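The structure presented is a predicted model; accordingly, all values stated were derived computationally and were not measured.
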Amino acid sequence: QVQLVESGGGLVQAGGSLRLSCAASGRTFSSYAMGWFRQAPGKEREFVAAISRSGSNTDSADSVKGRFTISRDSAKNTVYLQMSSLKPEDTAVYYCAARTTSYTGTYYDRTTQYDYWGQGTQVTVSS
């Protein structure tokens, strides 16, 4: 089992940047594919970005392509979401998720594919 703790959220002006971090407990971080999702008030949780166990493959939602970058640091058991050119529509609670998988190069983009979730961190972008 793994515990996930997000940090780095906050209030930022449109056009600004933030970096979210997700620290994973345990020694088996490399066994997990990781993902970021977000949920705005009154909306369903949606996919933002994902990264494979190996870190070699990534994917992101069309709405954030070219602005957000996912990465992972196995030495620190941490996955990051670098967000730039932020827009008011990026305002949401951002969640980190982990999936146990034997596939090193596969990423996952659906909420139902993940086993573990963090508590979320609020990102608010003002216009």
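- Counted by atom type alone, Tyr103 and Ser52 present zero donor-acceptor pairs between their side chains at under 3.5 Å.
- At most 12 non-hydrogen atoms from other residues, nucleotides or ligands lie less than 6.0 angstrom from NZ of Lys76.
- Atom OG1 of Thr101 and atom CG of Asp115 lie 9.5 Å apart (nearest 0.5 Å).
- Under a 3.5 Å cut-off, the side chain of Ser85 and the backbone N or O of Arg67 do not form any donor-acceptor pair.
- Of the possible polar contacts, one joining the Asn57 side chain to the Gly105 backbone as a donor-acceptor pair under 3.5 Å is found.
- Between the Glu6 side chain and the Gly120 main chain, a donor and an acceptor come within less than 3.5 Å of each other.
- Residue Tyr107 comes nearest to Asp59 through the heavy atom pair CE1-CB, 3.3 Å, listed as atom of the first residue, atom of the second, then distance.
- Cluster partners of Val79 are Val2, Leu4, Val12, Leu18, Leu20, Phe29, Tyr32, Met34, Trp36, Val48, Ile51, Val64, Phe68, Ile70, Leu81, Met83, Leu86, Tyr94, Tyr116, Val123, Val125, counting Ile, Leu, Val, Met, Phe, Trp and Tyr whose side-chain heavy atoms approach within less than 4.5 Å, directly or via other members.
- With a 4.5 Å cut-off on side-chain heavy atoms, Tyr95 and Thr111 do not count as touching.
- The main-chain N or O of Gln39 is never found under 3.5 Å from a side-chain atom of Arg45 such that the two would form a donor-acceptor pair.
- The main-chain N or O of Gln113 is found under 3.5 Å from a side-chain atom of Arg99 such that the two form a donor-acceptor pair.
- For Tyr114 and Phe37, the gap between ring centers is short of 6.0 Å.
- Shown here for Arg38 and Ser63, the closest heavy-atom pair between the two residues is NH2-OG, 3.6 Å.
- Rounded to the nearest 0.5 angstrom, Ser127 OG and Lys87 NZ are separated by 14.0 Å.
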Subject >> side chain to side chain donor-acceptor pair (under 3.5 Å) assessment of Gln82 paired with Ser84 >> reply: CA-CA 7 Å; Gln82 179 67 49; Ser84 60; 5.9 Å; no

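- Looking at Ser60, its side chain never comes within 3.5 Å of a backbone N or O of Ala49 through a donor-acceptor pair.
- Not a single donor-acceptor pair under 3.5 Å links the side chain of Thr91 to the backbone N or O of Glu89.
- One N or O on the side chain of Ser54 and one on the backbone of Thr104 form a donor-acceptor pair closer than 3.5 Å.
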